[in-house]
Asks: 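Encoded as structure tokens, here's the structure I'll be asking about.
Residue numbers begin at 1 in each chain, while the letters A, B, ... track the order of the sequences. All values derive from a computational prediction rather than experimental measurement.
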Number of protein chains: 2
Amino acid sequence: MHRIEPRADCLSLPVLVIAGRRETTLPARPRKADAWKDAGQSRDEQFAAKRAALIRKAARAFSARGFYNTSLDDIAAELGVTKPALYYYVKNKEEILYACHLISNELGTQAMTFAESLPGCGLDRVVALARRYVELLTGEFGASAVLMEFDALQPENKKTIVAGRNRFDRRFRSLIAKGVEDGSIRKVDPKLTVFFFMGSVNWMTRWFRPDGTFNGQEMADRFADYLQESIKARSNQT
Amino acid sequence: MHRIEPRADCLSLPVLVIAGRRETTLPARPRKADAWKDAGQSRDEQFAAKRAALIRKAARAFSARGFYNTSLDDIAAELGVTKPALYYYVKNKEEILYACHLISNELGTQAMTFAESLPGCGLDRVVALARRYVELLTGEFGASAVLMEFDALQPENKKTIVAGRNRFDRRFRSLIAKGVEDGSIRKVDPKLTVFFFMGSVNWMTRWFRPDGTFNGQEMADRFADYLQESIKARSNQT
DNA sequence: CCCGCTATTTACTTCAGAGTAAAAAGATTG
DNA sequence: CAATCTTTTTACTCTGAAGTAAATAGCGGG
């Protein structure tokens with residue numbers, strides 16, 4: 001019997017995943033995928049790996065099709081198991097969503113910490129943040145992390161997630177404010193700027209495919225570039 | 001008995017609406033709102049007005065909380081009636097969503113037609129499009145129109161809506177491409193630029209409140225400004 | 001090769017919310 | 001003020017998907 005206490009620490013193990021298109025008929029029990037057959041680990045490692053794979057499949061599905069358009073049967077089918085098997089790894093659907101949000105916040109924090117550690121003017125750091133964040137979102141963990149379904153979270157979890165997001169927002173704004181102060185960024189409203197940029201990024205998770213016209217790195221470069229151009233100070237203007 | 005054939009022409013009649021926060025308990029039957037008590041019209045006019053009010057309340061709710069987080073009971077309660085009453089005006093929930101998408105597309109077309117009719121360089125027209133579009137979205141019809149739940153539409157309707165959206169996208173891209181040609185816009189990828197900007201706008205509908213820090217007009221100005229700065233050509237660069 | 005633990009399945013229950021039927025309440029008109 | 005049409009309600013049904021119980025299959029050690 002495995003513990004189902006909060007254990008969202010399983011952000012590990014890269015798993016190759018092909019973004020699946022919605023099927024009209026559930027393809028009854030396809031061959032088990034990825035982590036589900038990868039052997040050669042301790043029991044606890046396997047548990048963690050499988051849980052992580054589950055979360056990441058779900059994250060991709062949620063990002064691409066939305067939380068409510070993704071049933072647990074869908075996820076289970078994609079993993080090659082049946083729905084109740086999922087309940088061995090998570091308590092309920094909400095916990096999956098929560099785990100996804102945790103990843104999302106984690107990536108944000110990572111990008112932020114990186115950006116804040118950089119030398120240079122405010123603009124440079126803001127742009128670095130943007131680039132790194134998009135890189136992370138489009139990278140290993142897939143276009144998986146940015147979710148919008150806060151309302152489906154339990155109040156307790158929602159509080160945690162929203163708090164994390166707010167922290168990210170504040171640091172982002174503060175970075176922008178510093179840029180305005182040091183003269184590298186033109187006079188923009190930090191809050192609005194963050195909303196503007198984050199909107200683009202949130203939306204990206206809905207259409208981005210790693211095998212599309214642009215890969216993750218290119219997306220990161222271009223998004224960062226848009227942001228940079230839209231906020232950088234120019235000699236000949238306010 | 002009233003016909004329930006496709007009749008999504010009811011985009012009329014401004015109705016004052018205060019964005020309602022989600023209630024844990026459904027406030028049982030509050031006083032009827034707005035159009036529901038406005039008398040002094042022919043029957044057909046009343047029908048149209050009420051249907052329009054219904055669609056617009058729903059549109060706001062969908063935008064703010066999402067399609068699946070909004071039950072018909074919610075909408076009915078907000079209007080001060082019971083759920084079955086809604087079925088007198090629409091065939092089902094999907095039809096409401098479809099009507100919302102039609103409004104959304106309509107606003108896009110309006111903004112686009114306006115922008116294309118302008119003289120001036122590509123950049124000017126692109127910026128005018130952005131401003132007008134945000135103006136419309138945040139205006140009379142509220143932050144109501146941009147929806148993301150394409151998947152909940154019937155295949156037939158989905159086709160229509162997606163086609164409309166694609167048309168908008170193409171015209172938007174084409175405007176950008178022209179700007180690049182005439183030298184007013186720097187070398188950006190039109191498609192990506194559209195996605196970038198539309199993401200911000202889509203996201204805006206989730207948080208914008210007319211009574212917030214910025215009103216609709218300010219939002220329009222600032223979003224247009226961000227876009228302008230991010231894509232305009234400069235003398236001293238590529 | 002049997003025991004006990006891990007993992008997954010089959011076969012359910014439950015519930016929210018979409019949708020419907022039929023009765024009741026409101027209008028409008030002769 | 002009855003007759004009839006319009007609108008809304010009460011009281012349901014139905015369904016999809018979340019979630020659970022209990023049986024079963026697989027595995028590692030003794």
Asks: Roughly, in whole Å, what's the span from CG in A:Asp74 to C1' in D:dA17?
Replies: 10 Å
Asks: Provide, to the nearest angstrom, the distance between the CD1 atom belonging to A:Ile75 and the C1' atom belonging to D:dA17.
Replies: 12 Å
Asks: Is the shortest side-chain N to carboxylate O distance from A:Asp189 to B:Arg222 below 4.0 Å?
Replies: no
Asks: Is a salt bridge present between A:Glu94 and A:Lys158, judged by a nitrogen-to-oxygen distance below 4.0 Å?
Replies: no
Asks: Atom OH of A:Tyr89 and atom C1' of D:dT20: how far apart are they, to the nearest Å?
Replies: 18 Å
Asks: Between B:Phe195 and A:Trp207, how do the two ring planes meet: parallel, tilted or perpendicular, split at 30° and 60°?
Replies: parallel
Asks: Where the side chain of B:Ser71 is concerned, which of D:dT9, C:dT9, C:dA18 is the nearest nucleotide?
Replies: C:dA18
Asks: Report, as a single string ordered 5' to 3', how protein heavy atoms within less than 4.0 Å touch nucleotides 19-29 of chain C: B base, S sugar-phosphate only, - not at all.
Replies: BB------SS-
Asks: Quick one: which of C:dT8, D:dT9, D:dT7 gets closest to the side chain of A:Lys50?
Replies: C:dT8
Asks: Rounding to an integer number of Å, can you tell me how far B:Asp73 CG sits from D:dT10 C1'?
Replies: 13 Å
Asks: Indicate the ring-plane relationship of B:His101 and B:Phe150, choosing parallel, tilted or perpendicular according to the 30° and 60° boundaries.
Replies: parallel
Asks: Quick check for you: among C:dT8, C:dA7, D:dT9, whose closest atom lies nearest to any side-chain atom of A:Phe47?
Replies: C:dA7
Asks: If only side-chain N and O atoms of A:Tyr88 are considered, is one of them under 4.0 Å from the OP1 or OP2 phosphate oxygen of C:dA7?
Replies: yes
Asks: Cation-pi check, A:Lys93 to A:Phe67: give yes when NZ or CZ is under 6.0 Å from the six-membered ring centre and within 45° of the ring axis, no otherwise.
Replies: yes
Asks: Could you check how far CZ of A:Phe67 sits from P of D:dA17, rounded to whole Å?
Replies: 13 Å
Asks: Cation-pi check for A:Phe114 against A:Arg132: NZ or CZ below 6.0 Å from the six-membered ring centre and within 45 degrees of the axis, yes or no?
Replies: yes
Asks: Calculate the interatomic distance between A:Leu54 atom CG and C:dT8 atom P; express it in whole Å.
Replies: 11 Å
Asks: Figure out the CG/C1' separation between A:Leu86 and D:dG19, and round it to whole Å.
Replies: 11 Å
Asks: Hey, is B:Arg65 close enough to B:Asp74 for a salt bridge, meaning N to O under 4.0 Å?
Replies: yes
Asks: Starting at CG of B:Leu97 and ending at C1' of C:dA18, how long is that distance when rounded to a whole Å?
Replies: 14 Å
